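Worksheet for the structure shown next.
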Amino acid sequence: MYGNAYIDPNEKPKSILDGEDPIKLAEFEARIARGEKIEPKDWMPREYRKQLIRMIEQHAHSEIIGALPEGTWITRAPGFKRKMALMAKVQDEVGHAQLLYSAAETLGKSREEMTNDLITGKSKYSNVFNYPAYTWADACIIAWLIDAGAIINQVANAKGSYGPYCRALDRICTEESFHLKYGHDNVVTLATGTPIQRKMVQEALNRWWPPIMHFFGPSDKISNHTEILMRWKVKMATNDDMRQQFLNMYVPKIWDLGLTVPDANLKKNEDPDNKSGGKWDYTEPDWDEFKRVINGDGPCNAERLAVRRMAEERGRWVREALMNKNEKYVLPLA
Amino acid sequence: MIKSLDPRITRENIEENYTIAPLVPMDNWETYEAFHQKKRGDQHMHVGIVHAPNPEMALLFAKDQYGRRGVTANIWVVKTSQVFCTEYEDQDMFETTPEKVYREAGGYKVMDKINKYKKEKNA
C-alpha cells in the first residue's frame, strides 16, 4: 500500500543530466518512447537510477510499516473469518515488500542498506502509517480506502519503464484486489449495521480523511525535473491527477453508504464551461501537517520505527547463525 | 518506553529512541532465483527472487512468497550466482531471427505449386 513517491520540492534539479553520454541517453530515451522496458543491466542515466531506487524503496518500506497498524488488529478482529482474512492480507503486504526490495536491489542498493536507512529514519515511507488505528473501523477504512489509493498509484506505475518494478507491481495489483474487496465488505457491514457500528465507521472515516487526502502527496511543482521523470516513465501521473481519480471512484461509493465526508467543500464540478469541469473541488489539505509528520513528528513515527528496530535486533542472532561467510553477494537478475 | 494502542507492543517495553547496530553486508544472505510451475505440463516460469542462507530455506521462502496464493504444482530455486545470461547489449544477435521464413511452416507455399501444376496439366 503506497501513495506516491515523496520528492523534496526544494531539491535542486539543475545537474540532472550533467556528464551523461548524449548518444547513450538518446538511445535510452528512444527505447522508452517505443514503449520498451529498461532491464537491470541496461545503461541508464544516474538520475533515473536514483529516483527509481528512492521510489521503489519508499514503496517497499510502506508495505512493511503499513502491516504494523493492521497487524495489531489481527487478534482483535471480530470473528474467525475476519482474523483469517486480515492475517492473509498482512502476510501479502509483507510479501509485497519482499518483491519491491528485490526490484530496488537490481538497481544496486542492497537490502541491508535499505533496512539501515529505514531504521535510522533516513528513508521515508507512506505518511498515512504514522497515524494510529484506534478502532476496528479504522482497520476497515485502511483496508478499503488506503488500499484503493494504493491500487490507483500501483496500476499507473505498473505501466512505467523499469521492467523489474513493473513485474512486481503486476503481481501486487493482482493480489491487492482481494484486499480492496475485503475492506469494502467490512465497511459495508459496519455502515449497514447497528447505530453504534455506523457511528464507529463514520468516526473512523472522519479521522482518516485528512491522511487519505495527503496520501498522493502535494501538488507537483511542474518543473523540468517532473517533466523528465514523466518522459522517462518513472512518474506516470501527477499527484493531483491521482487524487482526482481516487475522489472520482470512491466518494460516490462512500456517499452511497449514507456516510459523510468531513469536507464541506467537497463536490464534483459539473460545469462543462469551467476549466476544472468534471474535477472535484475540495478543501486544500494541510500540507504543513503533512511535512511535519513525514519528517518524523507524527503520532506514531517513533513507535513504528522502534518496533521495526526491535524486530531486526531480535532476529539478528538467527540470521547470523545461518550466515555463510564464504558466499559473495551478486545482484538479483530481474 | 513506547505506550501503544496495541497492548502487545506496550508489553515489549521498547525504548523510543533505542538504536541498533547497522546491518552488515550479507546479513540478509545471498539471493536465489525462483521458478514457478502452475500445473503439471506447464513450463516453469521465473517469478522473482528470495534471500536465503541455503537451498532448503530458499524453497521454504519461495513457497511462502510465490506459492502463497493461487495454484502451484512445483517450484525450483537456483542461486543467482549460478545463472549465466546473454547480455542485453548483444540483443541484436537475435534481430534477424524472425526474418528467417525458411525456418517456418508458412515459408513453404506447397499448395500454390500443386494448384499451378494441376492447372497446367489440365489445360
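Below, chains carry the letters A, B, ... as their sequence lines are ordered, and counting in each starts from 1. Bear in mind the structure is a predicted one, so any value in this text is a computation, not a measurement.
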Query raised in the report: Which answer fits A/Thr75, side chain, backbone, both or neither, if we ask what part of it has an atom under 4.5 Å from a heavy atom of chain B?
Result: side chain
Report task. Verify the neighbour count for atom NZ of B/Lys63: are there more than 12 heavy atoms of other residues, nucleotides or ligands below 6.0 Å? Result -> no
Query raised in the report: Should B/Val50 and A/Gln98 count as side-chain neighbours, where that means a heavy-atom distance under 4.5 Å?
Result: no
Query raised in the report: Taking side chain as C-beta onward, heavy atoms only, is A/Tyr329 less than 4.5 Å from B/Glu30?
Result: no
Query raised in the report: Which answer fits B/Tyr32, side chain, backbone, both or neither, if we ask what part of it has an atom under 4.5 Å from a heavy atom of chain A?
Result: neither
Report task. Check whether any side-chain heavy atom of A/Arg111 lies under 4.5 Å from a side-chain heavy atom of B/Asp27, and answer yes or no. Result -> no
Requested in this report: Could you tell me which portion of A/Tyr134 (side chain, backbone, both or neither) has an atom closer than 4.5 angstrom to a non-hydrogen atom of chain B?
Outcome: both
Requested in this report: Find the one option among B/Asn54, B/Ile9, B/Asn17 whose heavy-atom pairs under 4.5 Å with chain A are most numerous.
Outcome: B/Ile9
Query raised in the report: Got a sec: does the CZ of B/Arg40 have more than 12 other heavy atoms crowding it under 6.0 Å?
Result: no
Report task. Inspect the surroundings of OH in B/Tyr18 and state if more than 12 heavy atoms from other residues, nucleotides or ligands are less than 6.0 Å away. Result -> yes
**Report entry** Per-residue contact mode, A/Ala103 against chain B (heavy atom under 4.5 angstrom)
**Finding:** neither
Query - A/Glu112 to B/Asn28 - nearest heavy-atom pair and separation - result: OE2-N, 2.7 Å
Query raised in the report: Picking from B/Arg8, B/Met26, B/Glu12, which has the most non-hydrogen pairs under 4.5 angstrom with chain A?
Result: B/Met26
**Report entry** Inter- and intrachain pairs under side-chain hydrogen bond (donor to acceptor under 3.5 Å, both in side chains), touching residues 103-123 of chain B, at least two apart
**Finding:** none
Requested in this report: For chain B, find which of A/Leu99, A/Asn324, A/Thr115 contributes the most heavy-atom pairs closer than 4.5 angstrom.
Outcome: A/Leu99
Query - From CA spacing to verdict: side-chain contact (heavy atoms from CB on, under 4.5 Å), B/Trp29, A/Arg319 - result: CA-CA 8 Å; B/Trp29 315 304; A/Arg319 298 194 307 275; 3.9 Å; yes
Report task. For chain B, find which of A/Lys41, A/Glu39, A/Glu175 contributes the most heavy-atom pairs closer than 4.5 angstrom. Result -> A/Glu175
Requested in this report: Show the numbers, then the answer: is there a side-chain contact (heavy atoms from CB on, under 4.5 Å) between A/Thr72 and B/Leu5?
Outcome: CA-CA 9 Å; A/Thr72 62; B/Leu5 285 173; over 6 Å; no
Requested in this report: Let me know if A/Arg304 has heavy atoms under 4.5 Å from chain B in its side chain, its backbone, both or neither.
Outcome: neither
Query raised in the report: Quick one: does B/Gln65's side chain get under 4.5 Å of A/Val94's, heavy atoms only?
Result: no
Query raised in the report: Step by step, would you call A/Glu303 with B/Lys3 a salt bridge (Lys or Arg N to Asp or Glu O under 4.0 Å)?
Result: CA-CA 8 Å; A/Glu303 173 181 337; B/Lys3 232 183 119 35; over 6 Å; no
Query raised in the report: Considering only heavy atoms from C-beta outward, does the side chain of B/Pro22 approach that of A/Asn116 to under 4.5 Å?
Result: yes
**Report entry** Side-chain heavy-atom pair B/Val47, A/Arg171 within 4.5 angstrom cut-off
**Finding:** yes
Query raised in the report: Can you find a side-chain donor-acceptor pair between B/His51 and A/Glu105 that sits under 3.5 Å?
Result: yes
Query raised in the report: Quick one: of A/Ser102, A/Ala88, A/Gly71, who has the most non-hydrogen atom pairs under 4.5 Å with chain B?
Result: A/Ser102
Query raised in the report: What's the shortest heavy-atom distance between A/Pro332 and B/Thr31, and which atoms?
Result: CA-OG1, 4.2 Å
Report task. Check whether any side-chain heavy atom of A/Asp92 lies under 4.5 Å from a side-chain heavy atom of B/Arg68, and answer yes or no. Result -> yes
Requested in this report: Apply side-chain contact (heavy atoms from CB on, under 4.5 Å) to B/Met57 and A/Leu322, showing your working.
Outcome: CA-CA 10 Å; B/Met57 285 193 70; A/Leu322 289 165; 3.8 Å; yes
Query - Among the listed options A/Glu320, A/Glu312, A/Arg316, the residue most often paired with chain B at heavy-atom distances under 4.5 Å - result: A/Arg316
**Report entry** Reported CG-to-CD1 distance for the pair B/Leu23 and A/Ile119, which is rounded to 0.5 angstrom
**Finding:** 6.0 Å
Query - Which atoms of B/Ala52 approach chain A - backbone, side chain, both or neither, heavy atom under 4.5 Å - result: neither
**Report entry** Heavy-atom side-chain contact between A/Arg167 and B/His46 under 4.5 Å
**Finding:** no
Query raised in the report: Quick one: do B/Glu15 and A/Arg309 make a salt bridge, cutoff under 4.0 Å?
Result: no
**Report entry** Contact residues of residues 69-94 of chain B (partner chain A; heavy-atom separation under 4.5 angstrom)
**Finding:** B/Arg69, B/Lys79, B/Thr80, B/Ser81, B/Val83, B/Cys85, B/Glu87, B/Tyr88, B/Gln91
Report summary line: In terms of heavy-atom contacts, B/Glu33 and A/Leu333 come closest through OE2-N, 3.0 Å
